Each structure stands twice: as C-alpha cells, then as structure tokens.
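Shown next, in structure tokens, is the structure this report addresses.
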Amino acid sequence: MKNTVVVGAQFGDEGKAKITDLLAYNADFIIRYQGGCNAGHTVVNEGKKYKFHLVPSGILYENKTCFIGAGVVIYPESFKNELNELINQGIKEEHFKKNLKISPLAHITMPYHIDSDGANEDNLGGNKIGTTKKGIGPTYSDKYARVGIRVEDLFDKKALEKKLDIILPLKNKILSEVYHLKPYSKEEILSKLDEYKALFEPYVCFDWQELLRDAKKNKTILFEGAQGVLLDIDYGTYPFVTSSNPVAGGAGVGAGVGPLAIEDAMGVFKAYMTRVGEGPFVTELKDATGEKIQTVGAEFGVTTGRKRRCGWFDGVIAKYSVLVGGISSIALTKLDVFDDFDEIKFCIAYKNKLTGEIIKSYPTNVAKHYDYEPVYETFKGWKQDITGIKRYEDLPQNAKIYLSFVEEYLETKIKIISVGADRDQTIFK
Ligand code: GDP
Ligand code: IMO
Ligand code: MG
C-alpha cells in the first residue's frame, strides 16, 4: 500500500475510523495528525464497537505503531477516560504501552481551556458555533499565541513553573474578570500537571525523530485525519469550523513528514451528509426524509451524543472538498442506509432563491449559503438489503448507477464502498 492519508471530506463523522482501521491492516505506522478529543471515531470489529477520540484507529492490531502527532491537542482527562474504557473492553494496558506513542510536541488542553470554550460559546449567544466544549479552540489559540503547554514541558518542572508564572495570572484575570469564573491557584495547576506527567510518561516518545526517520525509509505510513474538510479552519464554513487543518495538507505538518511522504489521499464521503453543531447546510432536510436518514443511519454524535443534522449528498461541496482537501481517491460509506429509499438525491448546483442564478462553484462566504437552494439530480433506489454484499459486481444496478455518477461528477475513483459498520461489510472496487 502507498502511504495514505484518510481525510474526512464533508462535515466530519463520514466513517473515517472504519476506513482507517481497514487500511491499517496494510500499514506499519498510523499517525493521527490533528484535532483532539472533539473527534469521535467508531470501529466495529466482529460486532464489537470501539470508540476512539485521541487514540489512532489502528490500535486494534497486534503490531502497529500508533502515533499521536505534534498537530494534535490532548485533553489529559479525556485521554485517561478513553484508555480506561478501552481497557474495560478488553484491550490490555501493555498493548497500549507497546504500540501507542505520543509526540512530545503535542499541546495540552488545560482546565482553563475547557472553561473558556464554554464561556466563549455562551458569549456568542445566537452566533454560537456549537463546539464539543472540549477546549479545542482555546488550546489551539494558545498554541498560536505561543503561550501553550506542550507534553514535553511536563518533564522540565523548573521551566514549566516559570512558564506558568507568566501564563496563569493572565488566564486567571480573564476567567474571573471577563467570564466570572473561578480562577486556578498555581499549586492546583502544578498538581494537575504532575498527574498529567505520570499519565503520559509511558507513552511519550522522545526519540520520535528516529521513529519517523525509520518510518519514512522502511515502513508504510497511514495518516488519520479527524473532522472534515468543511470544518477546516482555513477552508471550512468559517467561523463554523474547528481550529485545525483536517485537509490532506494538514497531515504533513501535523505528522512531521512533509508532503512528499504522502502518496494517496483517500477522501471519505458518506452517501449523504450530516453535520453536528451550528453552521450552514444547504442540502439539510428538515422533514420526514431527513428524519429517516437520521434514524436508519443512527446519526448521533460519538463525543457529545447530539443528534446529527442530515441531508442529501452535496456535490458542490464535494467537488470543492476534492480540490482543497487534496483528495485523490474516494471511500463512500453508509450506502446501505439507502436500502429502503424509493429515490436518492444528489445536489449538482446551487440556485439563488432571489435571482435564480445557478452556481456550481462552492461559495466561501457562508453568509451567502442561506440565499441558495439545492438543484438535484434524482436516482432510483434499489430497495434491497446490500449489507451482505462483498463484490462490486453483486451490487444492484441502481446502486451502480449512483456510484458511477459520484465518480464521474467528482472525477475521482471510488476505491472502497462501505455497506455496514463492521470491518467485513466492505467492498474494495
Ligand atoms: P468518523 O468520525 O468519521 O470516524 O465517523 P463516526 O464514527 O463518528 O460515525 C460513523 C458511524 O457510522 C459509526 O457509528 C460507524 O460505526 C458507522 N458506519 C461506518 N460505516 C458505515 C456503513 O457503511 N454503514 C453503516 N450503516 N454504518 C457505518
Ligand atoms: P470526527 O473526527 C463532527 C464540530 C462541532 C462544532 C465544530 C467546532 O468524529 O469527524 P470544536 O469542538 O472542534 O471547536 O467544534 O466542529 N466537530 C465535529 N463534527 N465530527 C467531528 O469529529 C467533530 N469535531 C468537531 O460539532 O460544530
Ligand atoms: Mg466522528
């Protein structure tokens, strides 16, 4: 297998984890390159469901190195809970100690980041983003303001104290005077950071440069993205986005390998679209069809439990996503959700509700999205259970017509079709 990056091509939750887990079979080294515990990644193997937030979705294999890269932000409390839940499900702690590694350069989400995520959202009122409240925005803000705390800082107590002496008074001032929240004492934070050090110690990889050097020379690398292109801080529906770069270009930076190490970028698309949180969604269905997709697709957020908003596949967004996401091949998931639909729609353009103007190119000013309605191409459903089909040839003709249209419209080959949540409910085309 070529070194491949798995990119969410819509608004997140496309089934990236299922695809990462599948491709990881042929990889040696799996690197998560951005995001934090805002991600909720599900892998189902022989009916058993595993939920990941920070741990790369390749961890279920015996001998694969799973690396949490420099571009990721880590909320230690969430990391601890995630490991405990997986250990309760039967994965041995020793397995993590052997296979899971964390970059010392990854930034830490501090308690005050969590507080200010909630407070920022309250402040935005009607314009809120609907974040996961996992401190993602505030952690990345501090990283870029150069006042963040990195995993490696935990291992140099003297320097860490000095850093805190500068950072904490300002944080406390904002917490108490702007947000009217409780400030933190230095002792409180230092004791937390001691806990975090003990938590991360078995996993921090200080010889990561050697590890990467070896991976680039001798190993197959799989890069795992979180979120999706339309949630990208630069290319997404700003400001209704996350604070990192899920696009394929983000993988080189977040993993520390450079663009030439990436040979294929597999964009994961659902056969329809979902969105959690606020923000425009031109093909959203606020009717019985939307509810049917939500129910049949079991569309609930893995991290927050929120109901996902649902709508038809948006080709305008998808074409844009292929372009800026750097996508070179496609995995199409959840095709089986349409098994009982009479017809399936695919948005090929936007029509301005006032002027009637038709556009095919994605409008980046999201305030304008509310002026548009979708123009659809309609396909006949197949009215057949496809969840057991293993070969492309055996798919119903109407499903093949829909898939061919997706390929032609996006001028990109579909390599994987997913017809159920389980590992083996997959068609390699
Ligand atoms: P991710 O964040 O992109 O990894 O996706 P999530 O795990 O948040 O959401 C995808 C959901 O769809 C999970 O519950 C998966 O188990 C499930 N899933 C993935 N592929 C398929 C599929 O082809 N069919 C069905 N019915 N479910 C799927
Ligand atoms: P995975 O990796 C879907 C959304 C939030 C909110 C916006 C900003 O499972 O696909 P944040 O907490 O990041 O500041 O929230 O982004 N969001 C996701 N939506 N899947 C995700 O991750 C998401 N991570 C963040 O709902 O709208
Ligand atoms: Mg998810």
Side-chain angles (χ1 to χ4, degrees), residues 6-22 32-45 47-54 56-57 72-73 75 109 113-114 117-118 120-121 128-141 224-233 236-244 246 267-281 293 295-306 308-309 331-339 385-387 389 416-427:
V6 176
V7 178
Q10 295 159 325
F11 291 110
D13 303 327
E14 300 89 349
K16 297 176 290 295
K18 168 173 173 170
I19 302 302
T20 302
D21 168 74
L22 279 173
R32 168 77 183 270
Y33 60 89
Q34 47 69 235
C37 60
N38 49 350
H41 293 171
T42 320
V43 174
V44 183
N45 182 17
K48 205 165 168 187
K49 193 186 250 194
Y50 301 88
K51 292 179 185 175
F52 304 114
H53 301 281
L54 288 157
S57 307
V72 177
V73 296
Y75 181 38
T109 296
H113 291 137
I114 302 284
D117 196 351
N120 285 338
E121 281 284 271
K128 75 174 170 57
I129 292 159
T131 73
T132 57
K133 299 203 175 161
K134 300 290 183 189
I136 302 298
T139 311
Y140 278 110
S141 298
E224 180 183 29
Q227 289 82 52
V229 174
L230 274 301
L231 291 174
D232 187 279
I233 185 75
T237 53
Y238 192 88
F240 303 99
V241 293
T242 192
S243 300
S244 63
V268 186
F269 291 90
K270 263 182 209 175
Y272 50 92
M273 311 260 294
T274 63
R275 170 160 213 167
V276 223
E278 307 302 319
F281 184 171
I293 296 178
T295 311
V296 179
E299 293 296 351
F300 288 97
V302 180
T303 301
T304 58
R306 289 178 290 181
R308 293 172 180 154
R309 300 155 62 192
L332 194 93
T333 64
K334 302 195 100 161
L335 190 64
D336 55 296
V337 172
F338 286 147
D339 281 358
D385 180 351
I386 60 167
T387 55
I389 292 179
I416 295 178
I417 300 152
S418 174
V419 292
D422 216 280
R423 244 183 210 175
D424 67 0
Q425 291 179 298
T426 309
I427 298 166

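Ligands are counted one by one from 1 in listed order, and the atoms in each one are counted from 1 as well. The structure presented is a predicted model; accordingly, all values stated were derived computationally and were not measured.
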Checklist entry - Would you say Gly420 and ligand 1 have an N/O pair spaced under 3.5 Å apart? => result yes

Checklist entry - So, do Gln10 and Thr274 sit near enough that their side-chain heavy atoms are less than 4.5 Å apart? => result no

Checklist entry - Applying a 4.0 Å heavy-atom criterion (strictly less than), which segment of Arg423 is in contact with ligand 1: side chain, backbone, both, or neither? => result neither

Item to check | Lys134 N/O under 3.5 Å from ligand 2 N/O | outcome: no

Item to check | Taking atom 12 (O) of ligand 1 as the reference point, the nearest protein heavy atom with its distance | outcome: Lys334 NZ, 3.0 Å

Item to check | His53, Lys51, Arg306, His41: member with heavy atom nearest to atom 2 (O) of ligand 2 | outcome: His41

Checklist entry - Should you measure from each heavy atom of Val241, which atoms of ligand 2 turn up under 4.0 Å away? => result 7 (C), 8 (C)

Checklist entry - Of the protein's non-hydrogen atoms, which lies at the shortest distance from atom 15 (C) of ligand 1, and what is that distance? => result Thr42 CB, 4.0 Å

Next on the checklist: The test is side chain to side chain contact (heavy atoms under 4.5 Å, CB included); show your working for Val276 and Arg308 and say whether it passes.
Outcome noted: CA-CA 5 Å; Val276 223; Arg308 293 172 180 154; 4.1 Å; yes

Next on the checklist: Regarding ligand 2, does Ile136 bring an N or O atom to under 3.5 Å of one of the ligand's N or O atoms?
Outcome noted: no

Next on the checklist: For Phe240, state whether at least one heavy atom is located under 4.0 Å from any atom of ligand 2.
Outcome noted: no

Checklist entry - Counting both backbone and side chain atoms, is some N or O of Val302 under 3.5 Å from an N or O of ligand 1? => result no

Item to check | Geometric N/O contact Thr242 with ligand 2, under 3.5 angstrom | outcome: yes

Checklist entry - In terms of residue, atom name and distance, what is the protein heavy atom nearest to atom 10 (C) of ligand 1? => result Asp13 O, 3.9 Å

Checklist entry - Judging by distance only, is a nitrogen or oxygen of Ala17 under 3.5 angstrom from one on ligand 1? => result yes

Checklist entry - Do other residues, nucleotides or ligands put more than 12 heavy atoms under 6.0 Å from Tyr238 OH? => result no

Checklist entry - Under 3.5 Å between some N or O of ligand 2 and some N or O of Thr132? => result yes

Next on the checklist: Judged on heavy-atom distance to atom 19 (C) of ligand 1, which of Lys18, His41, Glu224 sits nearest?
Outcome noted: Lys18

Item to check | Which residue and heavy atom of the protein sit nearest atom 20 (N) of ligand 1, plus the separation | outcome: Ser418 OG, 3.5 Å

Item to check | Under 2.8 Å from the Mg ion (ligand 3) - protein N/O/S, by chain and number | outcome: Asp13 OD1, Gly40 O

Item to check | Top protein contact for atom 26 (N) of ligand 1, by heavy-atom distance | outcome: Asp336 OD2, 2.8 Å

Checklist entry - For Thr333 and ligand 1, does the shortest N/O to N/O distance drop below 3.5 Å? => result no

Checklist entry - Closer than 4.0 angstrom: is that true for some heavy atom of Ser243 and an atom of ligand 2? => result no

Next on the checklist: Is it the case that ligand 2 has an N or O less than 3.5 angstrom from some N or O of Gly12?
Outcome noted: no

Checklist entry - Can you list the steps and then say if Lys16 with Glu224 is a side chain to side chain contact (heavy atoms under 4.5 Å, CB included)? => result CA-CA 8 Å; Lys16 297 176 290 295; Glu224 180 183 29; 5.5 Å; no

Checklist outcome for this item: Any heavy atom of Val268 under 4.0 Å from ligand 1? The part involved is neither

Checklist entry - So is Gly130 close enough to ligand 2, meaning a heavy atom under 4.0 angstrom away? => result yes

Checklist entry - Which residue and non-hydrogen atom of the protein lie closest to atom 16 (O) of ligand 1, and at what distance in Å? => result Ala421 CB, 3.5 Å

Checklist entry - Are any of the N/O atoms in Lys133 less than 3.5 Å from those in ligand 2? => result no

Checklist entry - Under a 4.0 Å heavy-atom limit, does Thr304 contact ligand 2 with its side chain, its backbone, both, or neither? => result neither

Checklist entry - Within the structure, does Gly40 bring an N/O atom to less than 3.5 angstrom of an N/O atom in ligand 1? => result yes

Checklist entry - Between Glu278 and ligand 2, is there a nitrogen or oxygen pair with a distance under 3.5 Å? => result no

Item to check | Heteroatom distance test (Lys16, ligand 2): nitrogen or oxygen, under 3.5 angstrom | outcome: yes

